[in-house]
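Below, each value reflects all heavy atoms present in this structure, side chains not excepted, and no hydrogens, waters or symmetry copies. For ligands, and for the atoms within them, numbers begin at 1 and follow the listed sequence.
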Amino acid sequence: MELHAIAADTSRHRTDCAIVGVYEKGLLSTAAADLDKQLGKQLTRLVKQGDVSGKLGETLLLPEAKGSFARVLLVGMGSKDKFGRKQYRKALHAALNTVKKTGSSNATSYLSQETVAATNAYYVGRTTAEVVAQISYRVPDLKTSGKPAPPALKKLNIAILGTQERTQAEKGLHHGTGITSGMALTRDLGNLPANICTPTYLASTAQELARTHRSSIKVRVLDQTEIRKLKMGSFLSVTAGSAQPPRLIVLEYKGGKTKAAPIALVGKGITFDTGGISIKPAAAMDEMKYDMCGAATVLGVFKAAASLKLPVNLVGVIATCENMPSGTATKPGDIVKSMSGQTIEVLNTDAEGRLVLCDALTYVRRHTPKVVIDIATLTGACVVALGNQYSGLFSNDAELSAALTNAGKRAEDGAWPMPVDEEYADQLKSNFADMANVGGREAGAITAACFLAKFVHGMKWAHLDIAGTAWVSGANKGGTGRPVPLLMDYLINSK
Ligand code: BES
Ligand code: MN
Ligand code: ZN
């Protein structure tokens, strides 16, 4: 959909549908008040009649409105004092859901002319693009019945007062469009079933990105033989039971100065996690197809960064395979040797994410990154701790941790700082190897992070546990595209 920030006076502008807000208690927004005059107090009458309450997200469509608009859509904005970005998001979402059911091919929203608390025109633009993407996203469905016709709506204008603000809003719309294109890729990959989205499929997706962005993205895909040559015994122990071959995918994006050290993104790419010999219960096991969302986030960020031509250098490392039980699978108690040389006793084959990530983290040293951020659907314990609101954020560097926390706040894609103190690592002690891969029931998300910390000495590192945020369960189950917005915000603001 085409998106623009424009100066639009309600008395002169023409559009198929004008979206105007009404606050709680029938308080008209500025645009609604202007319009009310042109429509002979029709809006005031509707409020009096009780047809418009101003409740957040409530809509009323006035077809064949008089004046210069073919239609007027009234949207509730809730309490005027509380109108902030979340409320803006919700009101616009409700409005566009209604508009797309009409024949309007273009619409102009005046919600953006109101004061949106604690934000600026740039983020109003970005939020708008995100709402539009949310409305337009279709899961890659394999249903054989007819697909719904695409909506008529092709263009959305947002009315913004002030020339500078308009420029900022345009920039926000532009960035938002790039970010949501990356999120759509991340979501698609998470939603695709594991018989389609295999390690090989992730590798071809990366190669396709490199073809589309020939001048800025390079990709190398390593197969099992090459992974063995690198001595990634930990990674290989996870793929041991699977008929699908593993892949190590290495991406480079060059948008910054030639010599500038890259920011490294390392993704967990388990295309299906059965748990292995420590097999998971059957209930909701289908959802373990999203255990590659860390990898999908890396690909989404590369897509977004390249499409926006961000002036940064990136390196991406994706370790991808399946975690399956079989006669050749790794057994509880097996001891494996990681690329770092450290040995690991695999007490639970379901704690496989850390086993693939540790070798990817060791590998990424070759690129001498200025910071390393790994992204993984790592633990159920993180979902217990933080639910679906915040990703877990673990780091050995206070500055990096603060930068990511702030990026998450700005992007409305939050991450909450968690401890990675040495004391917790005691839980990983093994009688037989340098460490065990699990640390017991307590503080499961933290001991998983402590395990990773043993492989990043000397690097500025952060780990995002996205088990709770990458996916929503229930009737609308599917990938969310998080934490692409957080990471993109971090990259946009990185110096
Ligand atoms: N992929 C799972 C974590 C997960 C759980 C992601 C729920 C999304 C939703 C991970 O590989 C796993 O199985 N972790 C175990 C670790 C345990 C064996 C120490 C877990 O969380 O139960
Ligand atoms: Mn697992
Ligand atoms: Zn897993």
> With under 30° as parallel and over 60° as perpendicular, where do the rings of H463 and W461 fit, or are they tilted in between?
Replying inline: parallel

> How does E287 reach ligand 1, by side chain, by backbone, by both or by neither, if only non-hydrogen atoms under 4.0 Å count?
Replying inline: neither

>> Determine whether L314 and L491 satisfy the following criterion, side chain to side chain contact (heavy atoms under 4.5 Å, CB included), listing intermediate values before the conclusion.
In response: CA-CA 10 Å; L314 300 176; L491 295 178; 3.8 Å; yes

>> For ligand 1, which is the ligand I care about here, please tell me if N348 has any N or O atom under 3.5 Å from one of the ligand's N or O atoms.
In response: no

>> Under the criterion side chain to side chain contact (heavy atoms under 4.5 Å, CB included), I'd like the reasoning laid out for K477 against D286: C-alpha separation, chi angles, the key distance, then a yes or no.
In response: CA-CA 11 Å; K477 75 173 159 186; D286 64 288; 3.0 Å; yes

>> Centre-to-centre under 6.0 Å for F302 and H213, is that the case here?
In response: no

> In terms of side-chain heavy atoms, does S278 have a donor or acceptor partner in T349 at a distance below 3.5 Å?
Replying inline: yes

>> Looking only at N, O or S atoms in D273, which is nearest to the Zn ion (ligand 3)?
In response: OD2

> Do K289 and D273 meet the salt-bridge criterion of a basic N to acidic O distance under 4.0 Å?
Replying inline: no

> Of T186, D413, T469, which meets side-chain hydrogen bond (donor to acceptor under 3.5 Å, both in side chains) against R482?
Replying inline: D413

> Does D273 reach ligand 1 with a nitrogen or oxygen that is under 3.5 Å from one of the ligand's nitrogen or oxygen atoms?
Replying inline: yes

>> To check your reading of the model: name the closest protein heavy atom to atom 16 (C) of ligand 1, its residue, and the distance in Å.
In response: R354 NH2, 4.0 Å

>> Checking one value in my table: which N/O/S atom of E352 lies closest to the Zn ion (ligand 3)?
In response: OE2

>> Is the contact between V438 and ligand 1 made by the side chain, the backbone, both, or neither, using heavy atoms and a 4.0 Å cut-off?
In response: side chain

>> Side chain or backbone, does G380 bring an N or O within less than 3.5 Å of an N or O on ligand 1?
In response: yes

> Just which atoms of ligand 1 are under 4.0 Å from any heavy atom in K280?
Replying inline: 12 (C), 13 (O)

>> Taking N, O or S atoms only and a limit of 2.8 Å, check whether D291 reaches the Mn ion (ligand 2).
In response: no

>> Tell me which N, O or S atom from E352 is the closest to the Mn ion (ligand 2).
In response: OE1

> Can you tell me the N, O or S atom of D273 that's nearest the Mn ion (ligand 2)?
Replying inline: OD2

> Got a salt bridge between D426 and K429, using NZ or NE/NH1/NH2 to carboxylate O under 4.0 Å?
Replying inline: yes

> So, is D291 placed with an N/O/S atom under 2.8 Å from the Zn ion (ligand 3), counting both backbone and side chain?
Replying inline: yes

>> Checking side-chain polar atoms at under 3.5 Å, does T271 have a donor or acceptor matched by the opposite partner on T198?
In response: no

>> Under 4.0 Å between a side-chain nitrogen and a carboxylate oxygen: does that hold for K254 and E252?
In response: yes

>> I need the atoms of ligand 1 closer than 4.0 Å to a non-hydrogen atom of M288, numbered in the order shown.
In response: 1 (N), 6 (C), 7 (C), 8 (C), 9 (C)

>> Counting non-hydrogen protein atoms only, what is the nearest one to atom 15 (C) of ligand 1? Give residue, atom name and distance.
In response: D350 O, 4.0 Å

> Looking at E352, which atoms of ligand 1 are within less than 4.0 Å of one of its heavy atoms?
Replying inline: 11 (O)

> If you count the atoms of ligand 1 from 1 in the order shown, which ones are under 4.0 Å from a heavy atom of T379?
Replying inline: 3 (C), 21 (O)

> For ligand 1, is M292 a contact, meaning one of its heavy atoms is under 4.0 Å away?
Replying inline: no

> Counting only heavy atoms, which portion of L378 has something under 4.0 Å from ligand 1: side chain, backbone, both, or neither?
Replying inline: backbone

> Checking R187 against Y137: charged group under 6.0 Å from the ring centre and within 45 degrees of the axis?
Replying inline: yes

>> Parallel, tilted or perpendicular: which one describes the rings of Y122 and H175, with boundaries at 30° and 60°?
In response: perpendicular

> Can K268 and D291 be counted as an ion pair, charged N to O under 4.0 angstrom?
Replying inline: yes

>> Evaluate M324 against T239 for side chain to side chain contact (heavy atoms under 4.5 Å, CB included), listing each step before the verdict.
In response: CA-CA 7 Å; M324 299 288 283; T239 196; over 6 Å; no

>> Heavy-atom pairs closer than 4.0 Å: do any link ligand 1 to the side chain of K268, the backbone, both, or neither?
In response: side chain

>> Under a 4.0 angstrom heavy-atom cut-off, which atoms of ligand 1 come close to Y290?
In response: 8 (C), 9 (C)

> Would a search of protein heavy atoms around atom 21 (O) of ligand 1 find one under 4.0 Å away?
Replying inline: yes

> Got a sec: is K268 within less than 2.8 Å of the Zn ion (ligand 3) via an N/O/S atom?
Replying inline: yes

